[in-house]
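Right, one structure below, let's go through it.
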Amino acid sequence: MSIRFQIASALVRASGIKKIFALPQEELLEKAGKMNRKRGFHMPSRKPFRHTEKTVPGQYACLKIEIQPAPSERALLFFFGGGYILGPDEGDVKLAEKFGKASGRDVWFPYYPLCTDHSVRESFEMAYKFPGVRPRSFGEQTKYTLEQPHFAVIR
């Protein structure tokens, strides 16, 4: 394990965010609801990135993060994690920007439906509603996809 991973892992443990998923269901949903009231779609304005809002067929907002003036040939489809019950926060958007900058690719950051109000099936199906998008490879192991950010390389 790298030093970076060990530091990040220690920070996650210290934050207590994983403890929320060990709560009884009613308490978990109540706490997630409180946290989600402070989260939601917003338009960042950090340079050098260009941020635009797109709508995924079906009504879902998607933040498109352009890394350079010309569109990249390929893009990243970034899923923010949160166990499908917590919406994204500013740190998730910054992480997507970081992945985009490191890869030289634009990033599509969908605000997928959370399972507090929608079915898991609807959340997963939303990822395939992007016109012309076919995810090719995921960045995290499957067992972590409900809790941690992951992405797919798209054309």
Side-chain angles (χ1 to χ4, degrees), residues 1-15 17-18 20-21 32 35-118 120-155:
M1 269 186 277
S2 72
I3 296 291
R4 231 185 231 182
F5 175 80
Q6 290 174 344
I7 292 169
S9 181
L11 289 172
V12 168
R13 276 195 306 274
S15 74
I17 193 71
K18 287 196 166 214
I20 190 173
F21 294 102
M35 291 174 78
N36 284 333
R37 283 193 275 283
K38 299 174 188 170
R39 299 169 181 230
F41 187 86
H42 71 283
M43 189 62 66
S45 60
R46 277 183 297 283
K47 293 186 179 187
F49 309 108
R50 188 171 140 221
H51 302 86
T52 54
E53 181 181 357
K54 302 292 182 181
T55 302
V56 178
Q59 82 213 14
Y60 306 110
C62 181
L63 179 64
K64 183 179 180 190
I65 304 167
E66 294 177 359
I67 305 305
Q68 50 209 357
S72 61
E73 189 175 310
R74 291 186 177 178
L76 298 178
L77 180 58
F78 184 89
F79 297 95
F80 53 81
Y84 296 100
I85 63 167
L86 293 176
D89 62 13
E90 186 63 22
D92 295 313
V93 175
K94 287 179 181 177
L95 183 60
E97 290 170 344
K98 183 178 175 179
F99 280 141
K101 186 175 181 179
S103 68
R105 295 178 172 150
D106 294 340
V107 180
W108 290 75
F109 187 104
Y111 284 69
Y112 51 80
L114 300 176
C115 294
T116 52
D117 301 318
H118 303 274
V120 148
R121 181 181 200 137
E122 190 174 351
S123 296
F124 283 128
E125 287 176 350
M126 191 283 287
Y128 294 94
K129 289 187 177 184
F130 288 83
V133 169
R134 293 198 175 106
R136 292 180 0 149
S137 61
F138 286 90
E140 294 285 340
Q141 293 178 337
T142 305
K143 69 179 182 177
Y144 297 116
T145 59
L146 292 177
E147 295 177 6
Q148 298 182 0
H150 55 284
F151 59 90
V153 177
I154 56 177
R155 289 185 189 232

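- Not a single side-chain hydrogen bond (donor to acceptor under 3.5 Å, both in side chains) links Lys54 to another residue, sequence neighbours left out.
- Here Arg50 contributes atom CZ and Lys64 contributes atom NZ; the two are 7.5 Å apart, rounded to the nearest 0.5 Å.
- Residues Leu86 and Leu114 approach most closely at O-CD2, 3.8 Å, considering heavy atoms.
- For Ile67, the side chain to side chain contact (heavy atoms under 4.5 Å, CB included) criterion is met by Phe49, Ile65, Asp106, not counting sequence neighbours.
- Around the NZ atom of Lys101, the shell of radius 6.0 Å holds no more than 12 heavy atoms that belong to other residues, nucleotides or ligands.
- Looking at residues two or more places apart in sequence or on another chain, you find no side chain to side chain contact (heavy atoms under 4.5 Å, CB included) involving Ser45.
- Listed here is the closest heavy atom pair of Gln68 and Ser72: NE2-CB, 4.1 Å.
- Note that CG of Asp92 is 8.0 Å distant from OH of Tyr111, once rounded to the nearest 0.5 Å.
- In this structure Glu53 satisfies the side chain to side chain contact (heavy atoms under 4.5 Å, CB included) test together with Phe41, Met43, Ala61, sequence neighbours excluded.
- Taken to the nearest 0.5 Å, the CZ atom of Phe99 stands 15.5 Å off from the NZ atom of Lys94.
- Heavy atoms only, all atoms of each residue included: Asn36 and Gly87 are closest at OD1-N, 2.7 Å.
- Sorted by first and then second residue, the pairs that involve residues 80-90 and meet salt bridge (Lys or Arg N to Asp or Glu O under 4.0 Å), not counting sequence neighbours, are Arg39-Asp89, Arg46-Glu90.
- Looking at every heavy atom in both residues, Pro44 comes nearest to His51 through O-ND1, 3.4 Å.
- Taking CZ of Phe78 as the reference point, atom NZ of Lys98 lies at 11.0 Å (rounded to 0.5 Å).
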Subject >> Full working for side chain to side chain contact (heavy atoms under 4.5 Å, CB included) between Val107 and Glu97 >> reply: CA-CA 7 Å; Val107 180; Glu97 290 170 344; over 6 Å; no

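- Relative ring orientation between Phe109 and Phe80 is described as parallel, the plane-to-plane angle staying below 30° on a 0-90° scale split at 30° and 60°.
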